[in-house]
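Input: a single structure, listed below in structure tokens.
Counting starts at 1 for both ligands and their atoms, following the listed order. Start at 1 with the first residue, then count along the sequence.
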Amino acid sequence: MVSGEVSPVPQHVAIIMDGNGRWAKERGLPRTMGHTKGVEAVRRAVRAAGDAGVRYLTLFAFSSENWSRPEEEVSDLMGLLRRFIRRDLAELHKSNVRIRVIGDRTSLKSDILPLLLEAEETTKGNSALTLIIAFNYGARDEITRAMQQLAQEVASGRLTPDQITADLVTAKLDTAGIPDPDLIIRTSGEERLSNFLLWQAAYAEFVFLPDYWPDFTSETFAEALRIFAVRERRFGGITAVPTAVAG
Ligand code: FPP
């Protein structure tokens, strides 16, 4: 951090919300209880991000690999997202929060997709915070779908291979138009990316926190921002770029 910089806030924070199951197990509760408590932590995280002046918050809610969990848990996670949108959409809209959803929509149940589309449509004019929900999301799947689109454009003659640039790939991803995450937080002490935002994470700072996701509070968020604020970002160069202006 360059001296004189005041409290640099990352423009885009992405969170791998991990530890719901362990939180529940330690209390002798069913895993689903951990996810239910996790939704309360989601609300705290959205509020904390908005209050801190973060512009984009991405939450990893359901990965393309999560389908391998027991059917009951999958159905529970789907139900929690449904309820979250139904209960919180009005409040989020009132708070000027824009909702975007990333991930493969084609295999989502017919009752979830319209809800997600409604949330995106209702809030598309909002400008305070963009909440990006990664649902049925896997980075390799996202990149593969982008490659298929580009290959189709080449096959149809609309594009030549040498016109494919990093910017064009970026524009074909689910996150098109969203700046790369500056900070990726993972809770629960695990230190992995787990197929999350692989392309977009090229220059992200990583902060791994010991807390289980249901225990996540505004203070946990503030702690991650403090750690981020003193990191030096060089973007492949040799001079530190102040975290406040690094893009
Ligand atoms: C990881 O904990 C968490 C998940 C797979 C799901 C996260 C989902 C929510 C917090 C609720 C729904 C989200 C929204 C946006 C409404 P884990 O079960 O892998 O925990 P473990 O590693 O301790 O078993």
* To do: For Tyr56, check ring pair (Phe, Tyr, Trp, His ring centres under 6.0 Å) against everything at least two apart and list the hits.
  => His12
* Asked: Are a donor atom and an acceptor atom from the side chains of Trp199 and Thr170 found within less than 3.5 Å of each other?
  -> yes
* To do: State the CZ-CG distance between Arg83 and Asp76, to the nearest 0.5 angstrom.
  => 7.0 Å
* Ser95: side-chain contact (heavy atoms from CB on, under 4.5 Å) partners, not counting sequence neighbours -> Glu91, Val97
* **Residue shell around ligand 1, heavy atom under 4.0 angstrom** => Met17, Asp18, Gly19, Asn20, Gly21, Arg22, Arg31, His35, Gly38, Val39, Ala61, Asn66, Arg69, Leu77, Phe84, Trp213
* Residues Glu40, Lys37: salt bridge by 4.0 Å N-O rule -> yes
* Listed partners of Asp174 passing side-chain contact (heavy atoms from CB on, under 4.5 Å), at least two apart -> Ile102, Tyr137, Glu142, Arg145
